[in-house]
Number of protein chains: 2
Amino acid sequence: MRDPLPGFPGYSLRRAAYATAAELATRLAPLELRQSDLSVLILIGENPGVTASAIGRQLDIQRANMVPLLKRLEDAGRIGREPIDGKSQGLALTPVGRRTLAKGLALVEAFEAELLQRIPAEHRAHLLPALEALWR
Amino acid sequence: MRDPLPGFPGYSLRRAAYATAAELATRLAPLELRQSDLSVLILIGENPGVTASAIGRQLDIQRANMVPLLKRLEDAGRIGREPIDGKSQGLALTPVGRRTLAKGLALVEAFEAELLQRIPAEHRAHLLPALEALWR
DNA sequence: TACCGATTGCTATGAGCGATAGCGATGTGG
DNA sequence: CCACATCGCTATCGCTCATAGCAATCGGTA
């Protein structure tokens, strides 16, 4: 079948993103961890005491959408909240959260390394800079 | 805030894909055309008489999800169906569909060219081959 | 100090895309 | 001829993201 779509960088970008996201999700599933959960855990781990709003801004997740995400992490005993003042709360990992983060991070790092391996060597180093130019 | 995520190619890939998809969707909106609609129109335009199943296989869209998509295109008078045999139907563009395709395609090609321009010249040519290695 | 605009966390809701399970009808190869 | 694959379809669900609105609180300024 004639199909000009793969020749479009934007189309290939979306297909590649979907394919890799689906594969990562499969690998994270045994940990009962979504990609969004993990990215939030990573940020909380690196920045103990951050607020939900600050994380949302960093990851471009709307405040409204942080609510169920954080509730899920809290219900799983992975994060704790501590009031900073009357309206803000600082987030931190629990011991369980730290273990989950360690497992998830190891998994992701292995996966990311695999992705790079799939790319022909001569193109490999160019991917990240090219991608960053598209969204940062 | 400390944020190691952009250093992961997979993460940057998803962010870049989302950002560009959102921008393209905005540009297609005035045509009342979704990206999935346009990709299907493109394939039908290039392959008059194809079946819904064949398009779904090519684009990795489940048969079940092709149904509302094609119904939308048909309701908008953009495609027509003609029975091939008792269970298959060939799809073709209507004159309206051809016009829509031409507009959408022009828009997409301009957008894709813009995307490439955003990428520093030394990385530009490497993006497509690197992406294709990740999903094809 | 009193006030007003900005911020925070939240509820409710909808759109878009994708997935699965199952169904009746039909085509096709052994 | 018949078993099996395929086709188009219904129904339904999950995930991600979006918007609108709300009460409470914070912070800078008059």
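Order of the sequence lines fixes the chain letters, A, B, ..., with proteins taken first and strands second; residue numbering starts at 1 for each chain.
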Below 4.0 angstrom, which residues in residues 54-83 of chain A have at least one non-hydrogen atom near DNA chain C? A:R57, A:R63, A:A64, A:V67, A:R81
Side-chain N or O of B:S53 less than 4.0 angstrom from OP1 or OP2 on D:dT6? no
Are B:Y18 and C:dG16 close enough that a side-chain N or O sits under 4.0 Å from OP1 or OP2? no
Got a salt bridge between B:R118 and B:E23, using NZ or NE/NH1/NH2 to carboxylate O under 4.0 Å? yes
Reference residue B:D37; test side chain to side chain contact (heavy atoms under 4.5 Å, CB included); the match among B:L69, B:I42, B:L31: B:L69
Please evaluate residues B:R78 and B:E74 with respect to the criterion salt bridge (Lys or Arg N to Asp or Glu O under 4.0 Å), reporting the C-alpha separation (whole Å), side-chain torsions for both, the decisive distance (0.1 Å), and the verdict. CA-CA 6 Å; B:R78 290 168 168 169; B:E74 190 178 25; over 6 Å; no
Upstream residue (5' side of DNA chain D) when A:G86 and A:R34 are each assigned their closest nucleotide: A:R34
Beyond-backbone contact of B:L134 with A:L127, side-chain heavy atoms, under 4.5 angstrom: yes
To the nearest Å, give me how far apart CG (B:D37) and P (C:dA15) are. 16 Å
Atom NZ of A:K87 to atom P of D:dT25: distance rounded to whole Å? 10 Å
Side chain of B:S88 only, please: which of C:dG9, D:dC26, D:dG8 is the nearest? D:dG8
Would you say A:V108 ends up clustered with A:L93 if hydrophobic residues are merged whenever their side chains have heavy atoms under 4.5 Å apart, either directly or through other cluster members? yes
Between C:dC17 atom C1' and B:L28 atom CG, what is the distance in whole Å? 16 Å
Rounded distance (Å) that lies between atom P of C:dT26 and atom CD of B:Q89: 14 Å
May I have all residue pairs that pass side chain to side chain donor-acceptor pair (under 3.5 Å) and include part of residues 54-63 of chain A, sequence neighbours excluded? A:Q58-B:D3, A:D60-B:R15
If I take atom CD in residue A:E23 and atom C1' in nucleotide C:dG18, what distance separates them, rounded to the nearest angstrom? 17 Å
